[in-house]
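Okay, structure first, notes after.
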Amino acid sequence: MSSKPESLEMSALIGTLLWTGASLEQALSLQVLLGGTPAPDCDLALRIGAPVLEGDAPTSEWRVRVLRLPYKNDTGPPAEQARVPVDFLCLPDPVGGSAAVQQLLTTLRDDAKDPLAQPDIMTHTPLQIFSREPAWYKEKLQKLLDKRDSLGRITATKISHVLFQKIMERTGGDVVSAALITRTDHHLASVRRYYATPDVRDLQQIYVDAVGALNEELGHAGYKQPTEGSVKLAPRGISVGSALCPTIDAVQDAVRRLKEEILRLISLDSMSSTTADFVRAHNLYTLYSVWSFGFAVGIRGVRTPYLHSDEVNQDTGFAVITDKDSGTGYKSRLIWVPESNREQMKLYDTYLSSMARARGIEALTRKRSCYFLGDNLKVREVRPRTVVPFTRDYLAFPANVARHFVCTQLRERGVAPEYIDLWMGHWARGEEPWGALSTLSIPNYKRELERVLPNLLEKLGFEPICLRYRGGSK
């Protein structure tokens, strides 16, 4: 392998850093595959396919292992209800970013006669194209960069960060997409990635847009790559990221079945229904009301994940929740509740008040705005441990399933990252939406939610349901 031209190796390495956003360590691990070569279990690969037409350049795509989320429990939700994420993200190469790698491969095959680079070997064995010791590449690359920039402003790390920053710029700060595409474990994305299950096609489009813009900028300096006329993207329905996001069909089915059971219990004759029927109707109605609220505002899986309707401004739909806080109010956030969901809250409050008076059960308060009942009619707090036994029959996910689902839906409906962060309550120091220097517009935030949320919630099947306490249970 010593006959490889050093300049060509450096060009291939810099191209890999620039067009994939990989770290130097990840770039040096790059494996090159031919069209039908079995995909290796590696962090980064380049698949080179056959020419589309005779005389065309070979098509190519980068293959990136998606960053894994360290779940405490490996038992995931049912596959038939979840958007099951794949482990690898394939990114098209519309600007020929892999051209230097392909040129290096050609040199190894035809000039250096490297046996491992021959097609008959590569059809079943990928080629690790950077085969020297990592220290050699680091030294040569540093010398090349120092020669180009004696002030040391250009480094391998900065080159690998260019794509990440370009994606952030093009998407208005979508740190999750930037982290997934470039396999960067960025601290600002560490929590946000737990709630995002983006479609591969959307990530591919973001990548295509970003590298296209980057290629245009490089063109001003005389380095513009030739672009492909059309880019083939993955079909919809393939996702990466969190494993805890249900499909829209699964949520619709769960809401439908929950409503049907509530309406069945409501239809029972008051003289023939039992205490067990009453308790089940109450608990499922509570679950439905909590879900209606949770899918609208993204409340966390906390104790009493609900508000009394009096805490919501009925004119604007705004309210404030503090569902993850140490008492300082730092994580308090503004929420907006759609009109239909506000109506459900009022119906639930009316039911709970009349039922509590008739039964002599704990009265409705702002502190205890919802509760389950045990078989002995004792009040049971609504919390993740008590919610899950009810939800598993309908949607077998954690209690905060609404946050996972709606976060992903907001992304796919084009809601800006800063508005999704506010809806989720995700911010780090300096990102607070209520900060003195924040430029976030609350009226625009409300308009975006009005554009998306009511239609989404209606599509899921949420609507006001009235349950009146009639008494008469045995």
Side-chain angles (χ1 to χ4, degrees), residues 73 75-85 194-197 199 236-237 239 241-267 277 279-302 304-306 337-338 340-341 343-345 347-348 351 370-373 380 382-413 423-424 452-467:
N73 187 348
T75 304
E80 65 272 13
Q81 289 190 328
R83 295 175 66 150
V84 181
Y194 277 93
Y195 296 93
T197 312
D199 195 284
R236 290 217 170 266
S239 303
S242 171
L244 299 179
C245 181
T247 64
I248 196 166
D249 289 342
V251 178
Q252 288 174 324
D253 180 68
V255 172
R256 176 187 58 78
R257 289 189 292 115
L258 180 57
K259 289 195 303 184
E260 286 177 353
E261 179 62 7
I262 293 171
L263 295 174
R264 184 191 70 81
L265 292 166
I266 291 175
S267 68
D277 292 328
V279 169
R280 180 165 175 77
H282 168 87
N283 289 339
L284 293 185
Y285 192 53
T286 296
L287 175 63
Y288 179 80
S289 299
V290 168
W291 265 8
S292 173
F293 179 75
F295 276 85
V297 306
I299 196 165
R300 292 178 168 92
V302 295
T304 313
Y306 195 70
V337 186
S340 178
N341 302 79
E343 180 63 25
Q344 179 60 45
M345 294 176 74
L347 290 172
Y348 181 75
Y351 156 76
C370 64
Y371 52 76
F372 292 130
L373 292 175
R380 298 181 64 199
V382 178
R383 56 192 302 184
R385 186 176 298 177
T386 59
V387 166
V388 169
F390 294 107
T391 61
R392 69 164 61 105
D393 292 335
Y394 299 96
L395 204 57
F397 286 78
N400 64 348
V401 59
R403 290 172 60 77
H404 292 268
F405 176 79
V406 180
C407 177
T408 296
Q409 292 296 319
L410 294 179
R411 290 173 57 88
E412 295 185 346
R413 283 163 170 75
W423 190 87
M424 293 289 292
V452 173
L453 270 183
N455 289 337
L456 173 61
L457 296 169
E458 181 182 359
K459 185 175 182 178
L460 295 179
F462 286 109
E463 60 182 334
I465 294 179
C466 180
L467 176 60

Side chain to side chain contact (heavy atoms under 4.5 Å, CB included), that's the test. Do Val290 and Ile299 meet it? Break it down for me. CA-CA 10 Å; Val290 168; Ile299 196 165; over 6 Å; no

Atom OH of Tyr288 and atom CD1 of Ile262: how far apart are they, to the nearest 0.5 Å? 7.0 Å

Does Arg83 use its side chain to pair, donor to acceptor, with the backbone of Thr247 at less than 3.5 Å? no

Do any pairs count as a side chain to side chain donor-acceptor pair (under 3.5 Å) and have a residue in residues 456-466, sequence neighbours left out, and if so which ones? Lys259-Glu463

Measure across Ala396 and Pro77 and return the closest heavy-atom pair with its distance rounded to 0.1 Å. O-CB, 3.5 Å

Flag the pair Leu244 / Pro398 as yes when at least one side-chain heavy-atom distance between them is below 4.5 Å, and no otherwise. yes

Any donor and acceptor pair, going by atom type alone, linking the side chain of Trp423 with main-chain N or O of Ala296 inside 3.5 Å? yes

Test Ile248 against Leu460 for side chain to side chain contact (heavy atoms under 4.5 Å, CB included), laying out the working first. CA-CA 7 Å; Ile248 196 166; Leu460 295 179; 3.8 Å; yes

If every non-hydrogen atom of Leu457 is compared with every non-hydrogen atom of Pro338, which pair is closest and at what distance? CD1-CG, 3.9 Å

Is there a donor-acceptor contact under 3.5 Å from the side chain of Ser289 to the main chain of Tyr285? yes

Spacing of CG belonging to Leu265 relative to CG belonging to Leu467, to within rounding of 0.5 Å: 9.0 Å

Ring centroids only, cut at 6.0 angstrom: are Tyr306 and Tyr348 within range, meaning strictly under it? yes

Given 3.5 Å as the limit, does a donor-acceptor pair link the side chain of Asn400 with the main chain of Arg300, or not? no

I would like to know whether Phe295 and Val251 meet side chain to side chain contact (heavy atoms under 4.5 Å, CB included); could you show each step before the answer? CA-CA 10 Å; Phe295 276 85; Val251 178; 3.9 Å; yes

Which pair of heavy atoms, one from Val84 and one from Ala79, lies closest together, and at what distance? CG2-O, 3.9 Å

Any idea which heavy atoms bring His282 and Leu373 closest together, and the distance? CD2-CG, 3.5 Å

To the nearest 0.5 Å, atom CG of Asp393 lies from atom CG of Leu287 at 10.0 Å

How about Arg256 and Gln252: does a side-chain donor come under 3.5 Å of a side-chain acceptor? no

Quick one: list whatever passes salt bridge (charged side-chain N to carboxylate O under 4.0 Å, His left out) with Arg385, sequence neighbours left out. none

Is a side-chain N or O of Thr286 found less than 3.5 angstrom from the main chain of Phe372, in a donor-acceptor match? no

Looking only at heavy atoms, the pair that brings Cys407 and Met424 closest together is CB-SD, 3.7 Å

Arg257/Glu260 salt bridge by N-O under 4.0 Å criterion: no

Residues passing the side-chain hydrogen bond (donor to acceptor under 3.5 Å, both in side chains) test with Asp199, sequence neighbours excluded, are none

What's the verdict on side chain to side chain contact (heavy atoms under 4.5 Å, CB included) for Met345 and Asn341, showing C-alpha distance, side-chain angles and the deciding distance? CA-CA 6 Å; Met345 294 176 74; Asn341 302 79; 5.7 Å; no

When you measure from the side chain of His404 to the backbone of Ala243, do you find a donor-acceptor pair of N or O atoms at a distance under 3.5 Å? no

Heavy atoms only: give me the nearest Leu395-Ala250 pair and the separation to one decimal. CD1-O, 3.8 Å

Heavy-atom check, side chain of Val401 versus side chain of Thr391, under 4.5 Å: no

I'd like to know if the side chain of Gln81 and the backbone of Tyr394 have a donor-acceptor N/O pair within less than 3.5 Å. yes

Ser242 backbone acceptor or donor facing Thr197 side chain under 3.5 Å: yes

